[in-house]
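First comes the structure, then the notes that go with it.
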Amino acid sequence: MSSNTTSPVREFEYKAEMKQLLDLIVHSLYTHPEIFLRELISNASDALGKARFRMLSSDEGLERSGDLKITITVDKESGNFVIEDTGIGMSEDELISNLGTVAKSGTLGFMEALKEQQKEGQRLDANLIGQFGVGFYSVFMVTDEVTVETRSLESGSQGWRWKSSGQGSYTIEPVEREARGTRISFTLKEEFKEFAEEYRIEQVIKKYSNFVEYPICIGSRQINSMTALWQRPKSELKPEEVNEFYKFIANDFKDPLDYLHVSVEGAVSFKALLFIPSEAPMELLYNQGALEKRGPQLYVKKVLIQNECRDLLPEYLRFVSGVVDTEDLSLNVSRELVQASPVMAKIKQILTSKLLGWFDTIAKEEPEKFRTFYNAFGTILKIGLNTDFTNRDKLIDLLRFETTKTAEGEYVTLKQYSERMAEGQTEIYYHSGSSRAQMLAHPNLEYFKKRDIEVLLLSDPVDVFVIPSIFEYDKKPLKSIEKAEIDMSTVEPEGERLGAEGTVGVISLFKEVLGDRIADVVESKRLVSSPVTLVSGKDAMDSQFEKMMKMMSKDADMPASKKILEVNTAHPIIRNLAGKHAVGLSTDPVVRAAVMQLFESALLLEGDLESVADYVSRMNELVEAATRA
Ligand SMILES: Nc1ncnc2c1ncn2[C@@H]1O[C@H](COP(=O)(O)OP(=O)(O)OP(=O)(O)O)[C@@H](O)[C@H]1O
């Protein structure tokens with residue numbers, strides 16, 4: 001390509017603002033220098049998109065020959081780098097306005113952001129470049145001089161060469177250029193010669209531009225093997241292909257549990273391909289806080305804008321991975337603008353509702369799959385109950401519970417529970433504890449077993465935070481069975497109850513021995529076969545909830561709130577103690593030890609017994625007394 005000798009090379013000065021910007025790019029950006037390649041590819045892909053559009057929308061005067069593609073050619077020895085596209089190209093005026101000035105509104109924002117970072121003493125991140133629409137200039141991070149040769153796709157148009165060292169000026173001259181589109185060439189600075197290695201370029205392409213919809217070739221080899229799957233109609237998606245895509249974007253080695261293809265046209269338009277992983281990712285298993293940083297990838301017009309976009313889904317749905325691609329945002333939108341954009345808010349709202357609907361469909365149509373899903377992500381979903389009030393009812397219907405009437409690992413919904421409640425039952429009962437076995441052994445269940453009333457068994461630690469906040473389902477209040485307020489019509493205990501006098505006596509004995517370790521002692525209506533049990537007062541915290549609070553609080557010595565002790569006045573032990581009291585043996589050490597032991601056994605069942613040593617030594621005293629000749 002020779003320069004046209006009849007036209008002089010014209011030199012242009014950059015404006016002061018532009019000089020400042022270039023200076024920042026050359027001297028201040030340290031992290032992610034590979035961004036330059038993403039930016040050049042993104043510009044090339046835009047240019048190809050515009051060319052395709054022009055070709056589709058007008059018939060005449062355009063050069064249509066050749067494929068729409070991007071070709072990269074490198075020379076390892078010299079560090080020469082060339083990227084060429086067959087896109088729309090630029091006229092002289094376009095070159096001047098596009099590559100010579102900073103007319104973009106994003107640029108000032110970019111400089112501000114860089115200055116902010118600099119103030120905070122951070123290493124400046126080239127990633128910012130893409131967010132502010134000054135992508136082309138990132139090339140000055142890796143080279144001292146750039147040549148752009150370009151020719152517009154209008155038939156018979158003149159070719160132009162633009163050249164700059166990014167210092168203070170650039171030159172433009174006409175050239176003879178046969179090919180349509182743009183060719184950008186430069187020599188890499190010594191420290192960036194890695195980008196003249198094919199493997200390195202391939203890495204960067206795979207990382208940022210794998211789903212650009214035009215071929216990106218190094219020489220004649222196409223690197224971006226996959227197309228933008230989400231852009232295809234759902235019916236054309238092959239499961240193997242979709243699985244491969246998932247593994248690539250989610251860095252998972254297993255196939256996803258399921259995927260959802262979304263295509264929305266209307267007030268906002270976007271396409272999405274979303275995945276439920278087959279297992280909860282490690283980082284989420286141990287740290288739900290990690291949700292905050294996750295999110296699907298955001299593409300704008302098939303160009304990757306953000307890898308983990310937090311604004312597309314509410315936190316409790318961010319275990320879902322995938323891609324969202326919209327035409328309704330501008331490519332050079334900044335992160336702050338993405339966040340504040342009404343487009344994003346709308347997409348988030350639509351996606352949330354689609355996802356919840358999808359989970360519900362899985363539940364109805366593929367119960368086994370739903371069980372796997374719920375076991376892995378149920379706990380995370382529950383976060384939504386206290387954060388997403390718009391979708392609360394949908395979330396409540398997705399909840400699953402084991403109950404006293406299900407087998408282990410079998411679930412019911414609140415709807416099922418409520419529909420099979422016996423006549424006369426007006427409340428939904430739950431019991432929380434650390435395991436199913438421990439919960440089933442609890443004396444507080446005796447009443448419900450005897451009356452054949454189903455009780456939800458909550459063993460997920462987060463349940464105690466979320467389930468009570470449901471308050472009621474289908475107008476039926478949810479009640480913890482350990483609350484003293486539950487209205488229990490008397491169920492017949494095993495054996496005969498004490499008379500009024502005996503009851504008053506034994507209660508006063510318990511009160512006197514236990515003193516301020518207990519809030520109150522009352523006659524139990526719920527116990528059938530156990531002598532005593534502990535319950536919480538109407539306004540007291542549920543004991544499981546209290547335990548969680550204690551675990552989370554720094555104050556490990558936080559005292560447990562006092563419980564109400566219920567005594568079963570038909571139980572032989574209680575009757576015996578009433579007898580001792582009646583004959584004036586309240587101060588007998590064995591009687592007192594027996595009372596204390598009953599109380600501490602109840603604590604033990606709750607998991608609240610503090611001194612096991614005292615408990616065991618008292619037990620030995622009692623055994624000794626019982627075995628005394
Ligand atoms: N390969 C190309 N072919 C045609 N025009 C190009 C090419 N590269 C850049 N341009 C033009 O130069 C302009 C400036 O590019 P630059 O990368 O600085 O910003 P941008 O592309 O608008 O923003 P961003 O890089 O964030 O998408 C582009 O908008 C485009 O008009």
Side-chain angles (χ1 to χ4, degrees), residues 1 32-52 55 63-89 130 135-136 138-139 141-143 146-151 153 177-189 192-232 236 238 240-249 251 297 299 301-304 307 323:
M1 261 163 263
H32 301 95
E34 81 251 24
I35 290 297
F36 86 89
L37 184 50
R38 177 182 82 181
E39 295 303 317
L40 295 183
I41 290 175
S42 151
N43 284 347
S45 155
D46 280 353
L48 291 164
K50 287 177 195 161
R52 185 169 65 181
M55 289 176 188
E63 257 178 45
R64 294 164 183 279
S65 58
D67 299 338
L68 292 171
K69 67 171 183 175
I70 301 166
T71 310
I72 295 170
T73 319
V74 281
D75 180 58
K76 219 160 56 175
E77 299 311 317
S78 62
N80 277 345
F81 190 107
V82 180
I83 174 168
E84 192 160 12
D85 65 67
T86 54
I88 192 164
F136 170 78
S138 60
V139 73
M141 282 192 291
V142 295
T143 183
V146 179
T147 303
V148 177
E149 287 172 351
T150 184
R151 196 163 73 77
L153 90 167
R177 180 174 160 78
E178 260 185 39
R180 168 193 76 221
T182 303
R183 175 184 196 270
I184 299 173
S185 58
F186 47 91
T187 304
L188 290 158
K189 290 184 201 171
F192 294 116
K193 274 216 166 138
E194 62 186 272
F195 296 111
E197 304 263 3
E198 294 194 0
Y199 86 92
R200 187 71 179 98
I201 303 173
E202 193 165 339
Q203 247 177 11
V204 180
I205 294 175
K206 286 259 162 74
K207 181 165 171 194
Y208 296 109
S209 316
N210 204 27
F211 302 104
V212 165
E213 61 178 325
Y214 304 98
I216 306 171
C217 304
I218 301 180
S220 57
R221 192 161 60 92
Q222 181 173 335
I223 305 302
N224 57 333
S225 52
M226 307 184 65
T227 52
L229 284 188
W230 61 89
Q231 293 285 353
R232 296 208 208 137
E236 283 178 21
K238 296 194 200 89
E240 317 81 66
E241 221 174 19
V242 175
N243 288 350
E244 196 188 330
F245 174 64
Y246 164 75
K247 289 186 212 166
F248 175 77
I249 57 158
N251 245 332
Q297 295 184 329
Y299 276 72
K301 302 173 192 121
K302 302 185 199 82
V303 176
L304 180 63
N307 231 326
V323 168

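Side chains included, hydrogens not; waters and symmetry mates left out as well; all remaining heavy atoms used.
- Residues Glu194 and Glu34 are not in side-chain contact: their nearest non-hydrogen atoms beyond the backbone lie 4.5 Å or more apart.
- From Lys206, atom NZ reaches atom CD1 of Ile201 across 13.0 Å, with rounding to the nearest 0.5 Å.
- Between the Asn80 side chain and the Val74 main chain, no donor and acceptor come within less than 3.5 Å of each other.
- Side chain of Lys76 to backbone of Glu198: no donor-acceptor contact under 3.5 angstrom is found.
- Under the 4.5 Å side-chain criterion, counting only non-hydrogen atoms from C-beta, Leu68 is in contact with Arg52.
- Sorted by first and then second residue, the pairs that involve residues 66-75 and meet side-chain hydrogen bond (donor to acceptor under 3.5 Å, both in side chains), not counting sequence neighbours, are Asp75-Ser78.
- A distance of 6.5 Å separates CZ in Arg177 from OG1 in Thr150, rounded to the nearest 0.5 Å.
- Looking at Ile72 and Leu37, their side chains come closer than 4.5 Å, going by heavy atoms from C-beta outward.
- From Met55, atom CE reaches atom NZ of Lys50 across 14.0 Å, with rounding to the nearest 0.5 Å.
- Looking at Thr147 and Ile184, their side chains never come closer than 4.5 Å, going by heavy atoms from C-beta outward.
- No donor-acceptor pair closer than 3.5 Å links the side chain of Arg180 to the backbone N or O of Ile88.
- Between Arg221 and Ile223 there is a side-chain heavy-atom pair separated by less than 4.5 Å.
- Using a 4.0 Å cut-off between charged nitrogen and carboxylate oxygen, Glu178 and Arg151 do not count as a salt-bridge pair.
- Contact of the Glu84 side chain with the Glu149 side chain is not registered, since no non-hydrogen atoms from C-beta on lie closer than 4.5 Å.
- In this structure, Asn224 and Ser209 have side chains that are not in contact, with every pair of non-hydrogen atoms separated by 4.5 Å or more.
- Under a 3.5 Å cut-off, the side chain of Thr143 and the backbone N or O of Thr187 do form a donor-acceptor pair.
- The ring-ring contact (aromatic ring centres under 6.0 Å, His included) with Phe81 is formed by just one residue from the set Phe186, Phe192, Phe195; it is Phe186.
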